[in-house]
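Each remark here refers to the structure printed beneath this line.
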There are 2 protein chains.
Amino acid sequence: MNYSVSEENYIKAIFHLQGDSGNVTTNDLAAALHTRPASVTDMMKKLKAKKLISYQPYYGFKLSAEGRKTALGIVRRHRLWEYFLAEKLNFDWEDVHEVAEHLEHVSSKKLIDKLDEYLGFPKFDPHGDPIPDSAGHMESDARNMLSETEAHQMVTVAYVSNQSKEMLALLKHRKIRIGTKLEIIKKFSFDQSLEIKPKNQQAFSISETLAKNIFVTHEQ
Amino acid sequence: MNYSVSEENYIKAIFHLQGDSGNVTTNDLAAALHTRPASVTDMMKKLKAKKLISYQPYYGFKLSAEGRKTALGIVRRHRLWEYFLAEKLNFDWEDVHEVAEHLEHVSSKKLIDKLDEYLGFPKFDPHGDPIPDSAGHMESDARNMLSETEAHQMVTVAYVSNQSKEMLALLKHRKIRIGTKLEIIKKFSFDQSLEIKPKNQQAFSISETLAKNIFVTHEQ
DNA sequence: ATAAAATTTTAGGCAAATCTAAAAAATATT
DNA sequence: AATATTTTTTAGATTTGCCTAAAATTTTAT
């Protein structure tokens with residue numbers, strides 16, 4: 001029921017790596033955790049003994065139902081703290097992740113449920129990732145690449161994948177931030193550029209390059 | 001500059017034990033940390049090597065200037081989180097300590113300074129203990145035992161040292177809580193009982209036993 | 001001042017989490 | 001199908017933080 005920081009980091013990494021396909025490999029996990037394959041094998045034996053994963057030597061591993069539940073709990077803590085840091089403490093959204101990496105390991109259920117309530121039961125963190133509720137349920141990740149969204153849609157900016165200074169400078173100039181609502185006026189097939197009109201702003205056009213780095217949701 | 005959870009717990013415990021007198025003994029520290037004297041000796045060697053304490057075998061130890069600075073940083077984190085839990089998340093004041101024990105080890109300076117600002121730079125935690133500021137300065141602990149306070153004074157309840165169910169039940173009955181303002185009407189030398197009158201309440205008398213467990217401040 | 005008691009330290013071990021180097025197994029190549 | 005390459009596991013160390021039992025030292029009592 002209670003796991004070490006190290007065990008939690010492995011569980012979380014497996015959760016993120018396994019996507020919907022299923023299996024995670026020793027090498028991939030070692031790379032994700034900046035550790036060595038031998039260390040991964042060691043830990044996999046331990047997690048298997050604790051029934052958090054299924055594991056066949058040489059054939060990778062995947063989370064058990066219990067492991068998935070545990071992972072969702074860790075993800076919940078991480079994303080609630082990210083929300084808190086950005087929303088209440090005014091952290092820049094590119095700084096929240098690192099601090100949340102540490103806060104997520106404080107595993108008092110009471111703390112997390114009260115924090116959730118205090119924050120107003122948010123459904124998404126500042127990066128636009130869904131926050132599991134106390135039962136482990138979360139909204140499906142409804143984000144799409146702006147470049148792949150149909151014209152004449154009204155959408156809300158949820159996430160920006162490239163967070164370089166240059167990109168952020170461009171977004172700032174265009175007054176686009178997380179939560180900005182905008183309409184897709186037209187898509188030009190010649191260069192895949194598109195014309196958009198943020199609410200309360202003039203329409204302008206943006207490049208495919210930019211549109212591929214902006215993720216939006218349809219419903220709120 | 002960055003210490004393990006275990007090192008931080010030792011440093012904090014030495015800080016609390018050394019009071020103003022100075023030296024802390026191996027046995028006392030072992031008792032405070034629920035560990036064995038041999039483990040204390042091991043850790044003392046490590047902390048000495050890191051120049052956080054001065055340590056002469058068989059003659060106890062005390063914090064160095066650097067150790068004291070480190071301890072104040074940990075105490076600052078602990079008490080700010082206690083304040084946050086009580087004030088923002090509505091924790092009961094007897095529940096904040098345990099969770100803060102874990103949160104205090106997340107050592108991002110930026111996090112703590114922003115938290116401090118968010119909370120409005122509080123000077124005292126929910127137990128009435130002073131919170132060091134980011135430079136390590138704090139108000140002197142202005143609390144006195146109610147039993148040792150002069151008659152005819154107007155004071156504010158700041159802290160209750162005994163937090164047993166029985167004690168809390170008595171306080172609840174008397175409607176005394178942290179922040180309650182009360183006047184000391186009279187002291188009876190026969191049994192050291194005293195008559196007090198909480199603001200907006202009738203006066204009543206309390207035993208010396210109770211008065212010794214209630215701490216009050218004079219100025220606010 | 002010596003013996004008894006209490007305190008502290010040393011010595012040697014253990015578990016968790018990591019590592020390197022070598023062996024084993026699976027996959028890819030010719 | 002046999003060999004080479006890649007991946008994974010095993011074997012054996014290392015570090016941190018803890019333990020027990022025994023030895024060393026200090027303190028207390030006679």
Side-chain angles (χ1 to χ4, degrees), chain A residues 1-15 17-18 21-63 67 70-71 74 101-102 104-107, chain B residues 1-15 17-18 21-63 67 70-71 74 101-102 104-107:
Chain A
M1 208 74 197
N2 241 13
Y3 304 104
S4 72
V5 169
S6 203
E7 287 169 336
E8 289 193 347
N9 284 333
Y10 276 92
I11 294 165
K12 193 180 51 151
I14 296 171
F15 177 83
L17 284 176
Q18 77 179 19
S21 72
N23 244 48
V24 178
T25 68
T26 302
N27 260 4
D28 285 355
L29 190 47
L33 291 167
H34 305 107
T35 185
R36 300 294 173 171
S39 309
V40 171
T41 302
D42 284 351
M43 183 60 90
M44 291 311 98
K45 289 180 193 165
K46 205 179 306 177
L47 295 184
K48 186 188 182 181
K50 296 190 177 186
K51 306 199 178 187
L52 293 169
I53 60 168
S54 61
Y55 165 51
Q56 281 299 105
Y58 292 101
Y59 289 96
F61 23 83
K62 60 173 65 160
L63 292 177
T70 304
I74 302 164
E101 283 290 297
H102 295 101
E104 72 185 6
H105 299 295
V106 177
S107 62
Chain B
M1 209 70 199
N2 241 13
Y3 304 106
S4 72
V5 169
S6 203
E7 287 168 336
E8 289 193 346
N9 284 332
Y10 275 92
I11 294 165
K12 194 178 50 149
I14 297 171
F15 176 83
L17 285 176
Q18 77 179 19
S21 72
N23 245 47
V24 178
T25 68
T26 303
N27 261 2
D28 285 355
L29 191 48
L33 291 167
H34 306 107
T35 186
R36 300 295 172 170
S39 307
V40 171
T41 302
D42 283 352
M43 184 58 92
M44 291 309 100
K45 290 180 193 165
K46 206 181 305 179
L47 295 184
K48 187 188 183 180
K50 294 191 178 185
K51 306 199 179 188
L52 292 169
I53 60 168
S54 61
Y55 166 51
Q56 283 298 105
Y58 293 100
Y59 289 95
F61 24 82
K62 58 172 68 159
L63 292 176
T70 303
I74 301 164
E101 283 290 295
H102 296 102
E104 73 186 4
H105 299 295
V106 176
S107 63

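Sequence lines set the chain letters: A, B, ... in the order given, protein chains first and strands last, and positions in each chain run from 1.
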- Test A:K12 against A:E7 for salt bridge (Lys or Arg N to Asp or Glu O under 4.0 Å), laying out the working first. CA-CA 9 Å; A:K12 193 180 51 151; A:E7 287 169 336; over 6 Å; no
- Query: Hey, are B:S39 and B:D42 close enough side-chain-wise for a donor-acceptor pair under 3.5 Å?
  - Reply: no
- Message: Whether A:S4 contacts C:dA16 is assessed here as follows: a side-chain N or O lying under 4.0 Å from the phosphate OP1 or OP2. Is that the case?
- Response: no
- Message: Just N and O in the side chain of A:Y10: are any of them under 4.0 Å from OP1 or OP2 of C:dT18?
- Response: yes
- With sugar-phosphate taken as primed atoms, P, OP1 and OP2 and all else as base, the protein-contact string of nucleotides 3-12 of chain D at under 4.0 Å (heavy atoms; B, S, -) is ----SBBB--
- Would A:Y10 and A:T35 satisfy side chain to side chain contact (heavy atoms under 4.5 Å, CB included), going step by step from the backbone distance to the final call? CA-CA 11 Å; A:Y10 276 92; A:T35 185; 3.9 Å; yes
- Query: Is any side-chain nitrogen or oxygen of B:S6 closer than 4.0 Å to OP1 or OP2 of D:dT16?
  - Reply: no
- Query: At under 4.0 Å, does any side-chain N or O of B:T35 touch on OP1 or OP2 of D:dG17?
  - Reply: no
- Message: Can you see whether A:T25 engages A:D28 through a side-chain donor-acceptor pair at a distance of less than 3.5 angstrom?
- Response: yes
- Quickly work out the B:L33 CG to D:dC19 C1' distance and round it to whole Å. 15 Å
- Going through the checks in order, is the side chain to side chain contact (heavy atoms under 4.5 Å, CB included) test met by A:E104 and A:N9? CA-CA 10 Å; A:E104 72 185 6; A:N9 284 333; 3.7 Å; yes
- Rounded to whole Å, the CG-C1' distance (B:L47 to D:dC18) equals 15 Å
- Task: Find the distance A:E7:CD to C:dA15:C1' and express it as a whole number of Å.
- Result: 12 Å
- Minimum heavy-atom separation for A:A71 to A:L63, with atom names? CB-CD1, 4.0 Å
- Minimum-distance nucleotide to B:R36 side chain [options: C:dT18, D:dC19, C:dA16]: D:dC19
- Note on the structure: Atom CG of B:L29 and atom C1' of D:dC18 are separated, to the nearest Å, by 14 Å
